[in-house]
**Student:** 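One structure follows; several queries about it will come next.
Just so it is clear: chains get the letters A, B, ... in the order the sequence lines come, proteins before strands, and each one is counted from 1.
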Amino acid sequence: MGHADRLARMTPEQLAATVRGAVVDAIAAGELALDPAVVPTEVVVERPRNPEHGDYATNIALQLAKPAGVPPRAVAELLASRLRTVAGIASVDIAGPGFLNLVLDAAALGELARTIVEAGEDFGRVARYAGTAVNVEFISANPTGPLHLGHTRWAAVGDAIARVLEAAGATVAREFYVNDRGVQMDKFGQSIEARALGTEVPDGGYFGEYVEELAREVVRADPSILELPEPERWQSFREVGYLLQLAQQKAVLDAFNTHFDVWYSERTLHSSGAVDRGFERLREQGHMFEADGAVWLRTTDFDDDKDRVLVKADGELTYFASDTAYYVDKRLRGFDVCIYLLGADHHGYVNRLRAVAACAGDDPDINIEVLIGQLVKMVKGGEEVRLSKRAGNMITLEDLVDEVGVDAARYSLIRYPVDSPLTLDLDLLVQRSNDNPVFYVQYAHARISSVLRNASDLGIDWRATGFDASLLSHEREAALLGVLGELPRVMTAAAELREPHRVARYLEELATAYHKFYDVCRVLPPADAELEPLNVARLWLCAAARQTLANGLGVLGVGAPERM
RNA sequence: GCGCCCGUAGCUCAAUGGAUAGAGCAUCUGACUACGGAUCAGAAGGUUAGAGGUUCGAGUCCUCUCGGGCGCGCCA
């Protein structure tokens, strides 16, 4: 019965297409005086907050009323009569100013469980960005010290953005720009040397305890370094110390489940000729000029406050010169979109980076994207913790993970949008980590895993037993199915908006829907009872829920434990 | 001074112009001799900082005011 099978399933995507079809048909039949071109290509079909408003609701009649010159309820009326004839749709109501409230047949909704189980890890993957190559650059901390809490938010969020984009079909490179060149590096080398020799750390140098540890390590690795003449000696300290520090950053990030594809060295940028290529591109585009003995980029052509110097009067390149070359290099490496994650203290860079893209002949609205994240504030004992290296209360990424674990740390940082400042209560995070919503979500996954294990122990092979979706008629089953069906749309929105926190919030909603279902719907047959078709149908639903939780958690880089 | 971000329940925060603004924590009251109680059911808690505007509809968009964070180098 191919016909029945085709009509049996009704995912939100299919429903949206069905509603749109009703509009197009109504126009073709002359019921609506509308240009088909004004019908949105994607009709919005959303799950109403109030369950009394049906499984799905659409505002399409409200949108079309004005262009059609007809009252919204009249538009709703004629769409409703068409939709009522569609197989899989149980009822259509008109509510409020002209909303269409749709209720699906239990079977049409329940088939979603099969769809999800069959899709497996692919459920939630969408094709929104298929064929797009995206470069996501984040953290890019100086390799002159450990990663601190300020970097940690980007470590979690940047990686989650990359994962979300991958789930949406993009090819993604996670990139870390290593500032291994310039004055800061020299200060770093001289600071390590000073600690090794017991002399005074230079002005503007690095004072942290880790510098002493680096000094000991460098000397231990090769004591002859102390015999070198200057400047080879401090330069050697710089080189060896830099590699040790960089390796430490990599190790910490790997442990944090954030794996970079590219560690791009600023030195390489210069030695590879990328700077020359970058300048060449900018010159071609006609935005470079000379004034006051310096070479400038006319970024004011594109919304920047002032023009920027590329080459100083003394012939030295500015940091900005590296930025421009780096951007051009990314584009030459084939990335369509270059995303930068910067802290709020760098928001002044947004316009100038966008101007760089424009000066290079690109479209700043397409090829470059600068995301500004607000800083993380920490509260401990009810008081704000001011993080400063000098005060010695710097909290590193490593510290946070040691205290709360990778999953809780990542989740806490990802579940909030980055454009609002975040206050983390260390006491809450550390001592009462069970209150972290990540455990609520993981618990749902572990709980389902347990049910499926028990089913297996009872010798139940639900996959091989017929699945009757129409049996999933309980309101909590319908609610759970409704939430399950949202993952593809949540993933699309999270990818488009670069907002992985939406996935986290969705998972919390899903976990709630599961727990509510589980509370009142017995899944396995009680002792001494026969296996009923309803038990099997609910096992399919459980499997679908578990798969969806696992897929969502995977996109956040958070584990989906089978036991906890 | 100019620019960007933010202001939602006691606290931490959601809500892509949609219906009665939602969660968690904290407070109070309930639910397992059946599948994991890290759960569930319920109560209480709001002039979405304030004032105008745009429209069928504004926490969301526009203007102004107030309050908070951050930034405005031929530094890196």
Side-chain angles (χ1 to χ4, degrees), chain A residues 44 46 48-50 52-53 57-59 62-63 65-66 71-72 95-99 101 142 179 181-185 187 204 266 291-296 305-306 308-314 316-320 322 343-351 372-375 377 379 382 412 415-425 428 432-437 439-444 446-455 457-458 489 493 496-497 499 501-502 504-505 508-509 511-512 514-529 535 538 542 563-564:
Chain A
V44 177
E46 57 183 12
R49 191 194 317 280
N50 186 342
E52 288 174 12
H53 292 155
T58 177
N59 63 353
L62 291 164
Q63 292 182 328
K66 190 179 243 179
F99 289 101
N101 292 337
N142 289 334
N179 296 285
R181 181 177 175 280
V183 182
Q184 289 308 311
M185 284 299 291
K187 296 277 188 196
E266 187 184 359
D292 304 329
V295 179
W296 301 67
D305 310 331
K306 50 172 295 187
R308 307 290 170 177
V309 172
L310 290 168
V311 186
K312 294 190 264 184
D314 63 8
E316 287 289 310
L317 292 169
T318 62
Y319 193 83
F320 178 69
S322 298
D345 51 342
H346 286 80
H347 76 249
Y349 289 49
V350 175
N351 280 345
I372 295 300
Q374 299 299 312
L375 306 177
K377 193 165 76 175
V379 172
S412 302
R415 84 182 278 266
Y416 306 101
V418 290
D419 58 0
S420 68
L422 173 61
T423 303
L424 287 183
D425 188 328
L428 209 73
R432 320 196 42 168
S433 57
N434 274 9
D435 290 335
N436 190 314
F439 296 106
Y440 180 79
V441 175
Q442 289 185 319
Y443 178 66
R447 201 180 207 188
I448 302 171
S449 299
S450 172
V451 172
L452 294 176
R453 266 197 310 272
N454 293 345
D457 291 346
L458 290 170
R489 302 202 293 186
E496 286 176 346
L497 299 167
E499 291 183 345
H501 78 273
R502 288 169 185 278
R505 300 289 172 160
E508 291 167 28
E509 189 190 343
T512 296
Y514 182 78
H515 288 310
K516 284 174 182 245
F517 151 77
Y518 182 87
D519 195 50
V520 295
C521 294
R522 171 80 194 186
V523 177
L524 297 174
D528 307 327
N535 300 127
R538 286 179 171 168
C542 284
R563 289 188 170 84
M564 55 190 287

**Student:** Can you name the salt bridge (Lys or Arg N to Asp or Glu O under 4.0 Å) partners of A:R505, sequence neighbours left out?
**Tutor:** none

**Student:** What string of B, S and - do you get for nucleotides 6-14 of chain B, 5' to 3', if B is base contact, S is sugar-phosphate-only contact and - is no contact with any protein heavy atom under 4.0 Å?
**Tutor:** S-----SSS

**Student:** For the base of B:G18, is there a side-chain donor-acceptor partner from A:N59 under 3.5 Å away?
**Tutor:**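 Such a pair exists between side chain and base.
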
**Student:** Check whether any side-chain nitrogen or oxygen of A:Y349 sits under 4.0 Å from OP1 or OP2 of B:G3, and answer yes or no.
**Tutor:**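 False: A:Y349 side-chain N/O out of range (4.0 Å or more) of B:G3 OP1/OP2.
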
**Student:** What I want to check is whether an N or O donor and acceptor connect the side chain of A:N101 with the base of B:A19 at under 3.5 Å.
**Tutor:**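 Checked by distance alone, the answer is yes.
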
**Student:** Using the C1' atoms only, state how far B:A44 lies from B:A26, rounded to an integer number of Å.
**Tutor:**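 Result for the C1' pair: 12 Å, nearest Å.
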
**Student:** With the criterion being N/O to N/O and under 3.5 Å, what pairs connect the protein with nucleotides 54-61 of chain B, and how long is each?
**Tutor:**
| unit_1 | atom_1 | unit_2 | atom_2 | d |
| --- | --- | --- | --- | --- |
| B:C56 | OP1 | A:K66 | NZ | 3.0 |

**Student:** Give each protein N/O atom lying under 3.5 Å from an N/O atom of nucleotides 28-32 of chain B, with the pair distance.
**Tutor:**
none

**Student:** Taking only residues two or more places apart in sequence or in another chain, which ones pass salt bridge (Lys or Arg N to Asp or Glu O under 4.0 Å) with A:R502?
**Tutor:** A:E499

**Student:** Heavy atoms from C-beta onward define the side chain here; which of B:C35, B:U16, B:C75 lies closest to that of A:V523?
**Tutor:**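 Side chain of A:V523 sits closest to B:C35.
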
**Student:** Is A:H347 side chain donor-acceptor paired with the B:G3 base, going by distance under 3.5 Å alone?
**Tutor:**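 When only heavy-atom distances are counted, A:H347 does reach the base of B:G3 through a donor-acceptor pair under 3.5 Å.
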
**Student:** Is the backbone N or O of A:C521 less than 3.5 Å from a side-chain atom of A:R538, with the two atoms forming a donor-acceptor pair by type?
**Tutor:** no

**Student:** Dot-bracket, 5' to 3', for RNA chain B please: Watson-Crick or G-U pairs under 3.5 Å, [ ] where pairs cross earlier ones, | where the partner sits on another strand, dots elsewhere.
**Tutor:** (((((((..((((....[...)))).(((((.......))))).....(((((..]....))))))))))))....

**Student:** Pick base, sugar-phosphate or nothing for A:F439, based on heavy-atom distances below 4.0 Å to the nucleic acid.
**Tutor:** base

**Student:** Is a side-chain donor or acceptor of A:W296 paired with a backbone partner of A:L310 at a separation under 3.5 angstrom?
**Tutor:**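 The answer is no, because no donor-acceptor pair under 3.5 Å joins these two groups.
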
**Student:** Taking only the side-chain nitrogens and oxygens of A:K306, find out if one of them lies under 4.0 Å from OP1 or OP2 of B:C74.
**Tutor:**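 For B:C74, OP1/OP2 do have a side-chain N/O of A:K306 under 4.0 Å.
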
**Student:** Is A:K516 near enough to B:G42 that one of its side-chain N or O atoms lies under 4.0 angstrom from OP1 or OP2?
**Tutor:**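 Indeed not, no polar side-chain atom of A:K516 lies that close.
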
